[in-house]
Amino acid sequence: MEFFNSALGKNITFVRPAYFIISGFTGIPNIKYYYIFLFFVYIIAVLGNTIVMAVIILDHNLRTPKYAAVFNLAFVDLFGSSALVPKVLDIFLFNHHYVPYYSCLVMLFFCYTCLSMQSLNLVILCYDRLVAITYPLHYQTKITKRFMLNLIASVWVFVIIAVLIAVGLLTRLSYCRSVVVNSYFCDHGQIYKLACNDVTPNAAIAGLFPFLLLWLPLTFILLSYSFIGHALSKVATNNERVKAFKTCTAHLSLVAIYFLPILITFTMSSKISTNARIINLSLSSVFPPMLNPVVYVLQTQQIKESVKKILIIRRQSKITV
């Protein structure tokens, strides 16, 4: 219990500010155009993910375990973008830099939850492809709709508990140095560094999160694709290999879109300026939700056929009317 002594002491008075000041970019002229750009990216993300979710709901052929995970990814992208971008636009386009203390923690919770869910949802989709290619005859029995829904629910519970712990540990901190957060949103790392009491638990969580939610998922995905590559090498013909690999191209694209920018930012965080870090993190937060539905619609034959089918039905209904 000594780990939490500073939070459990009887005579501790917490110094919690009424608000945090989100600083954003510094010294960049006409930066408002960047936030307008983020607004258009957000609109595309909302439209794209809404279309993917609607297609999966409307087409009964897509109500399979795999597309339950795709639906969850689209939902997380839509929810995460909506939790982040409108608030960022409000802060910087309308100069509401003063964010109340508890509102900041709520924003942090939703942003980190969705960001973590994106990573783990890619792991779920990877597991689906791993079983489908390495155990094709047992796929229907191993990956059932009930199993997939339970897996998705378990991941949600894990992520929510993990982020709640991180947010809860922030509430034990006293802020007597500054209330200026050098980021574009209520960033966990930038907030706990403003505290003047013991931040050891917060630093431990900050170090554990990238391992659990970035490096470990990425390692699992890379190992899974090594097994997939080994399984495909045993397939008799090149056409069969290409056909099987094509089912993975959409997922591989999503992995590259999500992991590369974030990992570059984390590994170079000490070497890049605050402005460069904010640009990398903001683009890493808004680009995957925008590109994910585009990738799935363009690279997944079933979704393309479903979209065409829905459009044809709508046209026929209009002609009938």
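Quantities reported herein were computed from a predicted structural model and do not represent experimental measurements.
- For the pair Leu122 and Gln118, the minimum side-chain heavy-atom distance is 4.5 Å or more.
- Aromatic rings from His97 and Phe92 are positioned such that their centres are separated by under 6.0 Å.
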With a 3.5 Å cut-off and sequence neighbours excluded, list the donor-acceptor pairs that the side chains of residues 208-224 form with protein atoms.
| unit_1 | atom_1 | unit_2 | atom_2 | d |
| --- | --- | --- | --- | --- |
| Thr219 | OG1 | Trp215 | O | 2.7 |
| Ser224 | OG | Phe220 | O | 2.8 |

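- In Phe147, the CZ atom is crowded: over 12 heavy atoms of neighbouring residues, nucleotides or ligands sit closer than 6.0 Å.
- At least one donor-acceptor pair under 3.5 Å links the side chain of Arg16 to the backbone N or O of Thr171.
- By the 4.5 Å heavy-atom criterion applied to side chains, Ile262 and Asn280 are not counted as neighbours.
- Using a 3.5 Å distance cut-off with no hydrogens or angles, the side chains of Tyr139 and Asp128 do pair a donor with an acceptor.
- Checked against side chain to side chain donor-acceptor pair (under 3.5 Å), Asn275 has no partners two or more places apart in sequence or in another chain.
- Ile124 is not connected to Leu149 by any chain of hydrophobic side-chain contacts under 4.5 Å among Ile, Leu, Val, Met, Phe, Trp and Tyr, and they are in different clusters.
- Asn197 approaches Ser174 most closely through the heavy-atom pair OD1-N, 3.1 Å.
- Taking CD1 from Ile161 and CH2 from Trp156, the interatomic distance works out to 13.5 Å, rounded to the nearest 0.5 Å.
- Of all heavy-atom pairs between Cys186 and Val99, the closest is SG-CG1, 4.3 Å.
- Nearest heavy atom pair, residue Ala206 against residue Tyr192, reads CB-CE2, 3.8 Å.
- Looking only at side-chain heavy atoms (C-beta outward), Asn49 and Phe79 stay at 4.5 Å or farther from each other.
- Defined by atom type and a distance below 3.5 Å, a donor-acceptor pair is present between the side-chain atoms of Tyr184 and Ser285.
- Between Ile278 and Phe25, the closest heavy-atom pair is CG2-CZ, 3.4 Å.
- A continuous path of hydrophobic side-chain contacts links Leu93 to Leu84 [ILVMFWY only; heavy atoms under 4.5 Å].
- Residues Leu173 and Val180 share a hydrophobic cluster, clusters being chains of Ile/Leu/Val/Met/Phe/Trp/Tyr side chains in contact below 4.5 Å.
- Linking Ile, Leu, Val, Met, Phe, Trp and Tyr residues whenever their side-chain heavy atoms come within less than 4.5 Å leaves Leu137 and Val131 in two separate clusters.
- With hydrogens and angles left out, the side-chain atoms of Arg172 and Asn202 include a donor and acceptor closer than 3.5 Å.
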Derivation and outcome, side-chain contact (heavy atoms from CB on, under 4.5 Å), residues Val179 and Leu194: CA-CA 7 Å; Val179 293; Leu194 299 175; 5.6 Å; no
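- Considering only heavy atoms from C-beta on, Leu108 comes within 4.5 Å of Leu170 through its side chain.
- The backbone N or O of Pro288 lies less than 3.5 Å from a partner atom in the side chain of Asn292, making a donor-acceptor pair.
- Linking Ile, Leu, Val, Met, Phe, Trp and Tyr residues whenever their side-chain heavy atoms come within less than 4.5 Å places Tyr102 and Leu164 in a single cluster.
- A heavy-atom distance below 4.5 Å is not found between the side chains of Lys87 and Ser103.
- Contact detail for Val199 and Ala195: the closest heavy-atom pair is CG1-CB, 3.8 Å.
- Looking at every heavy atom in both residues, Ala69 comes nearest to Met148 through CB-SD, 4.1 Å.
- Side chain of Thr144 to main chain of Thr141: no donor-acceptor pair is present (N/O by atom type, distance under 3.5 Å, no hydrogens or angles).
- For the pair Lys145 and Lys66, the minimum side-chain heavy-atom distance is 4.5 Å or more.
- Looking only at atom types and distance, the side chain of Tyr225 has a donor-acceptor partner in the side chain of His251 under 3.5 Å away.
- Considering only heavy atoms from C-beta on, Tyr135 stays 4.5 Å or farther from Leu130 through its side chain.
- Across Asp77, Leu78, Leu73, a single residue satisfies side chain to side chain contact (heavy atoms under 4.5 Å, CB included) together with Met53, and that is Leu78.
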Worked check of side-chain contact (heavy atoms from CB on, under 4.5 Å) between Phe110 and Val163: CA-CA 9 Å; Phe110 284 116; Val163 179; over 6 Å; no
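- With 3.5 Å as the limit, one finds no donor-acceptor pair spanning the side chains of Tyr258 and Asn121.
- Contact check for Val167 versus Val106: no side-chain heavy atoms found under the 4.5 Å cut-off.
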Residues Cys248, Ile133; criterion side-chain contact (heavy atoms from CB on, under 4.5 Å); working and verdict: CA-CA 10 Å; Cys248 302; Ile133 293 174; 3.4 Å; yes
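- A distance-only check finds a donor-acceptor pair linking the side chain of Ser23 to the backbone of Val181 [under 3.5 Å].
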side-chain contact (heavy atoms from CB on, under 4.5 Å) between Tyr175 and Ile191, worked out: CA-CA 9 Å; Tyr175 299 89; Ile191 290 176; 3.4 Å; yes
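- Checked by atom type and distance alone, the side chain of Ser233 pairs as donor or acceptor with a backbone atom of His230 at under 3.5 Å.
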Quiz: residues 27-47 side-chain donor-acceptor pairs under 3.5 angstrom, not counting sequence neighbours:
| unit_1 | atom_1 | unit_2 | atom_2 | d |
| --- | --- | --- | --- | --- |
| Tyr34 | OH | Ser282 | OG | 2.5 |
| Tyr42 | OH | Ser82 | OG | 3.1 |

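- Asp90 places no side-chain N or O within donor-acceptor distance of the main-chain N or O of Pro86, the cut-off being under 3.5 Å.
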